[in-house]
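Before any comments, here is the structure.
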Amino acid sequence: MENYNHVATENKWQKKFKEKKTFLTTKDNSKKKFYCLEMFPYPSGNIHMGHVRNYTLGDVIANFKRLNGFNVLHPMGWDAFGLPAENAAIQNKLHPKDWTLKNIDQMKKQLKKLGLSIDWDREISTCDENYYKQQQVLFGVLFKKGLIYKKESYVNWDPIDNTVLANEQVIDGKGWRSGAIVEKKKLNQWFLKITQFSDQLLESLNNLEGWPEKVKLMQKNWIGKSEGCEIIFISDFNNVSIKIFTTRPDTIFGASFIAIAPDHPFTENLKDDQKFQTFKKEALKNISNESSFQQNEKLGFKTKFSVFHPFTKKKLPIFVANFVLMDYGSGAIFGCPAHDQRDLDFAKKYNLEIIPVVTSEKSKEINIIDKAFTEDGYAINSEFLNNLSTIEAKNKIIEEFEKNKIGTRKISYRLKDWGISRQRYWGCPIPIIYREDGKTILLEKNLPIKLPLDVDFNKAGNPLENHPSWKHTTCPETGMKAIRETDTLDTFFDSSWYFLRFCSPHEQNLPFAQDEINYWMPVDQYIGGVEHAILHLLYSRFFTLALQDDYKIKSAEPFKNLFTQGMVCHPTYKTNDGKWIFPNQVLGEGKNLFLANGEKVIQGDSQAMSKSKKNVVDPEEIIKIYGSDAMRWFILSDSPPDRDIQWSENGIQGSFKYIQKIWRTSELVKSYKQEKNDTNNNYDDEINILIEQISTCIQKFHINVAIAKLYTFLNKINEQIELKIVKSEKILESYKNYLIIISVFIPFIANECWEKLTGKDNLSAQNWPKISTLIKKQETCNVVIQINGKKRAIVNVMNDEEESQIFSKSLAINNIKVILDGKTIKNKIFVKNKILNIVTNEN
RNA sequence: GCGGAAGUGGCGGAACGGUAUACGCACUGGUCUUAGGAACCAGCCCCGAAAGGGUUAAGGGUUCAAAUCCCUUCUUCCGCACCA
């Protein structure tokens, strides 16, 4: 028997798929559509196992739906703008465009080797002028709706390289290249008013039945709706008022201080205080990085000012605090140490009063020492609020505020407006000019505003800023002198509408064609890494919502069903000077790791594979040795798709052997003849049960279980071929069904075996197997006999046999007799055809 | 720090609140073979000669019955707004 040659076969079918245009899609109103989309990749150079996992998974769903009669749209594109291209340009003297296009080319080749059922005619790339032209159109649409505005906001500033740094380029507070201490600098930047949709984005989460609960919960927490009130405090500085936001107005009588954000307008009164300036500079350091912001020691700067308590008229000191954010609420809080842990820690540090104003039971005294009482309860020490429950007290106090015009009920959101400005070259230009008469003009004609290609990366700063002939222009309407906006768009902007573009990727005049989005949208199944659970998905939902009216998008929600796949993790490696190292460059074992040149290597945490940390495994080596089918089979069989995995090659050989076994079985099926007469009557049933189980598993994304069943499937066929008691046509039929099923996972060998067996190359035109006969009900079943919930025996009985009969049968079993000896039976729990639990007086 | 998830043999993992360890990997023994890194057969959580008993990160709780539900602790991963 000739061996299976995966290299020749996979090459052959790649060519065939291309020539026969197997996976091209067109609108077809006679068929039900299915839009299957995986998050498009950033073209970083090579694909890694995380991509393989994502795209194979999506391919299984696309193939499954196609065989089930759906018209499937399964496109692919490139999230092609972004920071790494500029880094590469600086480091390798390669233009970002050349670097990106080279990477796209390479990754496309690699993806094609995987045999994915992608309609490559619809390929889009966000750095393509045709794409970003339409993006500039969308910018204009949103701008004219008043959803885009400018405001001051902080950036990480590298004073040596004169450039804005991304958070990931700031390492221990220093610039990644220059090593300079990073400063905070305020810039006037573009923002998208996503907060205008906070409530809608929150409310419609309830309608997203096809989304994982955990993602909806994360988005809910991210939007962070909280109901409370705004209270005006009058200060002793010229009666200037400070507005605070609180969700616990009922604790107002426990207030002992006011804390304001370091950049709160009130701090203008402190600008000559050198000590305050030092405090502010330190406090702002982590302002754009919430994790270090939260982990910072809570510090305050005591000002010489106070506010008056609205009821007691007591003076409360005003602190500037490093844990109060200007972006949230009104940038100021009142501190109630007894009922907020953060305030308590703060109060103890600065010797502030701790007044308990809530207790668990009415009128009960309470002493607060180390732990704040943060639960609801009943008011004490609170004048007219005393004895009211927390909810009653909240309502009462807000009424009181509103009556006295010193506060109002207010809903606040944690969600901030989305900053879309980036002071970088490799992104979509913003179609805005600033005219010499001071006006800001939106450009709507002669789009796209193209990125200039002749840029210099050797100079410090933003190359667009440094490009005089691009930066200086004239107004197309008036001919006045003008300066272009030199910020480019955040790449999240690019990826917030690409799923709409895929519906009509070649449309020249519009971002997307009406009848195409009518047919294809929403995405029926969206698949991607759980790391995108919040930002990308929220921004995409926002875009769809914001553009819904202008483009008559049927569904305000872009993604009907969402599956978030787990990360493929791998340890990271660094040299002593902090450079990331690829795993395949690391030599040695255990703690003694080094490079080929002898330099020491330190192993870091295991993290999700990412080119920026270099902890990636390139699938190409694996494909070369075992083939794409074996790799696809392996990554799918290894773990449940939603679970994070530690990458390991253990087991890939097993997948390879399975592929070989399919090949051998094909030959056996071809020459199979029934030789014995005592027919196996259960064969059909067993096969049908398997088909049903596999279908269910795929739909539930239990792909690893589906694959376990396919091992059983093939073992069963081989077992029956050996026994020779099943009719030839039954074996052939079941094996053909098997090939159709596995083609969803491993297309190459499935197509090859199908062609060998049937003489036709039409596997992809088949239908998913239907369960041909009714599954016969077994006549007997096993019932488990438990004593006090522990399995003690199994009895085989007729279906639906009665409890009393099963009970007497079980008493005849020696083990049961011994255990029950001397015990009194208190109760019996019986579940028909399943279980009999005998409960006794003692355990 | 906050928010979200996960923890079952040597390994990946299976299991509508109802027979824990399906399926696979690795390993061990055997068969076949010029050969085996192929194929096939058998074994493979722990204690026990067996009968049988025990076991789902640790501890507690709910239940006739818990890997599954609840609470506490530990460990790992993801996100935290300029990586994408």
Side-chain angles (χ1 to χ4, degrees), chain A residues 3 39-42 44 79 81-84 87 155-156 164-170 212-215 217-218 220-222 224 288-296 298 323 327 342 415-424 490-492 494-495 529-536 538-539 564 566-567 569 605-608 610-613 634 637-640 642-646 648 650-655 657-658 660-661 664 702 704-705 707-712 715 722 782-786 788-794 814-815 818 826-829 831 834-835 837-840:
Chain A
N3 279 330
M39 291 178 185
F40 66 165
Y42 178 78
S44 56
D79 191 10
F81 276 134
L83 192 59
N87 294 343
V155 293
N156 300 313
V164 176
L165 298 177
N167 285 340
E168 78 157 11
Q169 293 176 310
V170 181
E213 287 304 321
K214 62 167 181 177
V215 175
L217 189 56
M218 279 191 248
K220 189 181 164 212
N221 291 336
W222 186 259
S288 56
N289 185 339
E290 196 172 325
S291 62
S292 42
F293 173 80
Q294 298 273 7
Q295 280 168 64
N296 265 354
K298 310 286 179 277
F323 59 87
D327 282 327
R342 211 165 42 174
L415 184 65
K416 296 186 282 197
D417 274 341
W418 168 18
I420 50 172
S421 276
R422 296 292 181 270
Q423 295 69 36
R424 301 196 216 296
D490 176 15
T491 56
F492 272 126
D494 309 344
S495 57
V530 68
E531 77 274 24
H532 292 293
I534 297 174
L535 293 181
H536 163 62
L538 192 66
Y539 293 155
T564 49
M567 301 285 91
C569 299
D605 301 341
S606 182
Q607 291 180 34
S610 148
K611 186 75 188 291
S612 64
K613 294 181 191 101
F634 175 56
S637 66
D638 205 40
S639 285
D642 55 347
R643 196 179 294 182
D644 290 343
I645 55 170
Q646 288 298 323
S648 153
N650 292 342
I652 181 83
Q653 291 209 11
S655 298
K657 283 183 196 171
Y658 186 76
Q660 304 293 331
K661 189 168 178 174
R664 286 196 309 274
H702 297 170
N704 55 323
V705 187
I707 284 184
K709 304 287 178 203
L710 282 164
Y711 274 99
T712 312
N715 287 343
E722 186 83 9
N782 287 332
V783 168
V784 174
I785 309 301
Q786 296 182 333
N788 296 324
K790 284 215 160 68
K791 180 187 86 171
R792 297 301 175 186
I794 296 172
N814 193 40
N815 194 31
V818 171
K826 268 170 59 185
N827 196 6
K828 292 195 290 276
I829 312 286
V831 182
K834 213 165 211 175
I835 215 150
N837 187 12
I838 303 166
V839 186
T840 69

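Numbers restart at 1 for each chain; the letters A, B, ... are given by sequence-line order, proteins then strands.
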Legend entry - Validation row: A:Y42, A:T491 side chains within 4.5 angstrom (heavy atoms): no
Inset, instruction - Give one of base, sugar-phosphate or nothing for A:K661, where a contact means two heavy atoms less than 4.0 Å apart. - result: sugar-phosphate
Legend entry - Spacing of the C1' atoms in B:G29 and B:C78 (rounded, Å): 45 Å
Inset, instruction - Using the P atoms only, state how far B:G18 lies from B:U28, rounded to an integer number of Å. - result: 38 Å
Inset, instruction - Return the nucleotide paired to B:A15: Watson-Crick means purine N1 to pyrimidine N3 with N6-O4 or O6-N4, wobble means G-U with N1-O2 and O6-N3, both under 3.5 Å. - result: none
Legend entry - Identity of whatever pairs with B:U31 - Watson-Crick or G-U, under 3.5 angstrom: B:A39
Inset, instruction - Starting at atom CG of A:N704, determine the distance to atom C1' of B:G13, rounded to an integer number of angstrom. - result: 7 Å
Inset, instruction - Describe the nucleic acid contact of A:S421 in one word from base, sugar-phosphate, nothing, applying a heavy-atom distance below 4.0 Å. - result: base
Inset, instruction - Could you tell me which nucleotide pairs with B:A51 by Watson-Crick or G-U wobble geometry, both distances under 3.5 Å, or answer none if nothing does? - result: none
Inset, instruction - Take atom P in B:U62 and the same atom in B:C77, then report the distance between them in whole Å. - result: 35 Å
Inset, instruction - Check if the side chain of A:Q653 and the base of B:G37 share a donor-acceptor pair of N or O atoms closer than 3.5 Å. - result: no
Inset, instruction - Rounded to the nearest angstrom, tell me the gap between atom NZ in A:K791 and atom C1' in B:A15. - result: 14 Å
Inset, instruction - Pick base, sugar-phosphate or nothing for A:V784, based on heavy-atom distances below 4.0 Å to the nucleic acid. - result: base
Inset, instruction - Sort out the partner of B:A26 for me: Watson-Crick or G-U wobble, both distances under 3.5 Å, none otherwise. - result: none
Inset, instruction - Determine the interatomic distance between P on B:U73 and the same-named atom on B:C25; round to the nearest Å. - result: 41 Å
Legend entry - Separation between the C1' atoms of B:A22 and B:G13, rounded to whole Å: 10 Å
Inset, instruction - Could you tell me whether B:G4 is syn or anti, where syn means a glycosidic angle within 90 degrees of zero? - result: anti
Inset, instruction - Please report, rounded to the nearest Å, how far the P atom of B:A39 is from the CG atom of A:N3. - result: 10 Å
Inset, instruction - Scan A:I794 against the nucleic acid and name what it touches under 4.0 Å (heavy atoms): base, sugar-phosphate only, or nothing. - result: base
Inset, instruction - Taking atom P in both B:G43 and B:G24, compute the distance separating them and give it to the nearest angstrom. - result: 13 Å
Inset, instruction - For B:U19 versus B:U68, give the span between their C1' atoms, rounded off to a whole number of Å. - result: 16 Å
Legend entry - Pairwise P distance for B:C11 and B:C2, with rounding to whole Å: 32 Å
Legend entry - Length of the line joining A:D638:CG and B:G13:C1', which is rounded to integer Å: 8 Å
Legend entry - Complementary nucleotide for B:U75 - Watson-Crick or wobble, under 3.5 Å: B:A6
Inset, instruction - Determine the contact category for A:K214: base if any of its heavy atoms lies under 4.0 Å from a base atom, sugar-phosphate if only primed atoms, P, OP1 or OP2 are that close, otherwise nothing. - result: sugar-phosphate
